[in-house]
Amino acid sequence: MSESRTDSPVPVPVPPPPSKTSLKPSLAVSLLSILAPILAVAILYRQEPLDPAPLPVHELSGSVAAPRENGRMLRGAEKVGAGQMAGPEDVAYDSASEVIYVGCADGWVKRVKVGHSGSDSTVEDWVNTGGRPLGLALGRDGEVIVCDPNKGLLNVSKHGTVELLTDEAEGLKFKLTDAAAVARDGTIYFTDASYKYTLKEVNWDFLEGRPHGRFLSYDPATKETKVLARDLYFPNGVALSPDQSFVIFCETVMRWCKRYYINGERTGHIDTFIDRLPGYPDNIRYDGEGHYWIALYTGNSMFNELLLKYPFIRKGAAILERFNRRPAMEKNGGVFQVDLEGKPVAHYYDPQLSFISSGNKIGEYLYCGSLHYPYILRLKLD
């Protein structure tokens, strides 16, 4: 009978505890991985040349609401002239010819004829300004007034001849001629959104937070350009009142529209038409039916409010902008409808929309222009 034998387990060697010397390299690497990004950000922050200024944020709190809202306007919208226009920024309508004029990123002012559906539209290359046409206004004799940030305030005759009207005021060149409206007496009211930054540099104007904009007039008879208001925060869209007693201009950064009186006892006076808009206004259009339509290129958000409130956040955003790392925060763009007194009527927007730059009610449809989309957006109104 053989004896059974049980093998004893082989002891596993236990590594010695790490010494203080072996701990030092790993601790140093960990600290370096934490401190290096902080140090890099600190260096970038100190070297960033932009010096953002405080904004009057006490006037920016909250947003007004409209009694009617359509927060999914894309669901019922159609595309007009899809692929035939690059960033049709403004939408101007000539009711006599039933033609829509748009200014595009490739320099073309195009004429659009719309049929029963968006797909029935025809798009004609009419005049190329050699720049980038933004705001458009119809003149008294068939001409189109074009705001071209690269050129200035232009007159395009009905035969397609382009004439420079003005590109400076008080010895200061325009950098961003933006929007215009023509009064019955022929006076052209328009905005120079910034005398410091060009259209391609527009984000820097917002981030700096200083008032570089002006609201002006041009008299075709005397060829005189006057500055009516200065130190404005990116003045944008312009619209005349039906009785020609005042002109409305929008200040994008401040989320408000101001009223400048051109007739009567209050001539030269400025007051607020509407403020605390739920987004950042671009162009404004009067529809001839008692309502103004204010394009909102993006909706307001908590991030935007913090950005405007704290200059140091804007400086951080400037660093991201310089390295093309700024996240896309624009959404809920659309159009805000108000009455003749500036009281909210309706709000049309969509989370998927951004950079909506104009809204024009033509018949039973709302036509929207944009800085980036290759088409006009059309929505049938209720």
Side-chain angles (χ1 to χ4, degrees), residues 37-38 40-42 44-66 69-74 87 176 193-194 196-197 199-213 232-237 250-257 274-283 294-336 344 347-357 359 368 370-373:
I38 296 174
V41 169
L44 288 172
Y45 190 88
R46 288 179 64 87
Q47 291 184 342
E48 171 54 49
L50 188 74
D51 181 26
L55 284 159
V57 291
H58 61 283
E59 302 184 62
L60 291 171
S61 59
S63 298
V64 295
E69 284 193 357
N70 178 352
R72 295 286 179 178
M73 65 177 288
L74 280 178
L176 220 167
S194 177
K196 182 175 181 180
Y197 294 99
L199 181 62
K200 291 182 179 179
E201 301 166 333
V202 66
N203 286 337
W204 295 103
D205 194 271
F206 293 156
L207 293 173
E208 184 175 331
R210 287 183 172 84
H212 299 128
L232 304 176
Y233 292 93
F234 209 87
N236 209 319
C250 303
E251 276 185 88
T252 301
V253 174
M254 300 305 293
R255 287 194 293 119
W256 63 32
C257 299
I274 184 172
D275 59 1
R276 297 183 299 117
L277 285 163
Y280 295 84
D282 202 304
N283 284 302
I294 305 168
L296 304 177
Y297 85 88
T298 184
N300 192 28
S301 67
M302 180 64 71
F303 175 78
N304 286 331
E305 290 196 0
L306 291 173
L307 197 67
L308 295 178
K309 186 175 182 179
Y310 298 108
F312 77 90
I313 296 181
R314 273 182 275 132
K315 187 156 186 168
I319 296 170
L320 296 176
E321 182 75 23
R322 203 170 294 282
F323 289 94
N324 295 316
R325 291 293 184 268
R326 184 179 69 87
M329 303 295 294
E330 294 83 9
K331 64 178 184 177
N332 290 319
V335 183
F336 200 73
H347 187 191
Y348 300 87
Y349 64 98
D350 196 283
Q352 301 301 315
L353 276 180
S354 60
F355 297 103
I356 296 299
S357 50
C368 298
S370 163
L371 275 168
H372 295 298
Y373 299 129

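The model shown is predicted, which means the values in this text are computed figures rather than measured ones.
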Intermediate values then yes/no, side chain to side chain contact (heavy atoms under 4.5 Å, CB included), Glu69 and Tyr349: CA-CA 8 Å; Glu69 284 193 357; Tyr349 64 98; 3.2 Å; yes
Under a 4.5 Å cut-off applied to non-hydrogen side-chain atoms, are [X] and [Y] in contact?
{"X": "Tyr373", "Y": "Leu353", "result": "yes"}
{"X": "Met73", "Y": "Ile356", "result": "no"}
{"X": "His372", "Y": "Ser354", "result": "no"}
{"X": "Pro351", "Y": "Asn332", "result": "yes"}
{"X": "Pro56", "Y": "Met254", "result": "yes"}

Can any side-chain N or O of [X] pair as donor or acceptor with the backbone N or O of [Y] at less than 3.5 Å?
{"X": "Arg314", "Y": "Ala53", "result": "yes"}
{"X": "Asn236", "Y": "Cys250", "result": "no"}
{"X": "Thr298", "Y": "Gly333", "result": "no"}
{"X": "Glu251", "Y": "Tyr233", "result": "yes"}

Enter the distance from [X]:[atom1] to [Y]:[atom2] here, rounded to the nearest 0.5 Å.
{"X": "Asp205", "Y": "Phe234", "atom1": "CG", "atom2": "CZ", "value": "6.0 Å"}
{"X": "Leu308", "Y": "Leu55", "atom1": "CG", "atom2": "CG", "value": "5.5 Å"}
{"X": "Leu207", "Y": "Arg322", "atom1": "CG", "atom2": "CZ", "value": "10.0 Å"}
{"X": "Ser370", "Y": "Asp282", "atom1": "OG", "atom2": "CG", "value": "9.5 Å"}
{"X": "Met302", "Y": "Lys309", "atom1": "CE", "atom2": "NZ", "value": "9.5 Å"}
{"X": "Cys257", "Y": "Ile294", "atom1": "SG", "atom2": "CD1", "value": "4.0 Å"}

Just jot down the salt bridge (Lys or Arg N to Asp or Glu O under 4.0 Å) partners of Arg210, sequence neighbours excluded, or say none. Asp51, Glu208
Taking all non-hydrogen atoms of both residues into account, name the closest pair between [X] and [Y] and its distance.
{"X": "Pro235", "Y": "Gly213", "result": "CD-CA, 3.4 Å"}
{"X": "Gly359", "Y": "Ala295", "result": "N-CB, 4.0 Å"}
{"X": "Phe336", "Y": "Pro344", "result": "CZ-CB, 3.6 Å"}
{"X": "Arg255", "Y": "Pro281", "result": "CA-CD, 3.8 Å"}

Among Val335, Leu296, Leu277, which residue satisfies the side chain to side chain contact (heavy atoms under 4.5 Å, CB included) criterion with His347? Leu296
Does the side chain of Asn300 come under 3.5 Å of the side chain of Tyr280 through a donor N or O and an acceptor N or O? yes
When you look at Leu371 and Tyr297, which way does the side chain to side chain contact (heavy atoms under 4.5 Å, CB included) test go after all the steps? CA-CA 9 Å; Leu371 275 168; Tyr297 85 88; over 6 Å; no
Within a 6.0 Å radius of atom CZ on Phe355, are there more than 12 heavy atoms belonging to other residues, nucleotides or ligands? yes
Take Leu176 and Tyr197 through the side chain to side chain contact (heavy atoms under 4.5 Å, CB included) test and state the conclusion after the steps. CA-CA 7 Å; Leu176 220 167; Tyr197 294 99; 5.7 Å; no
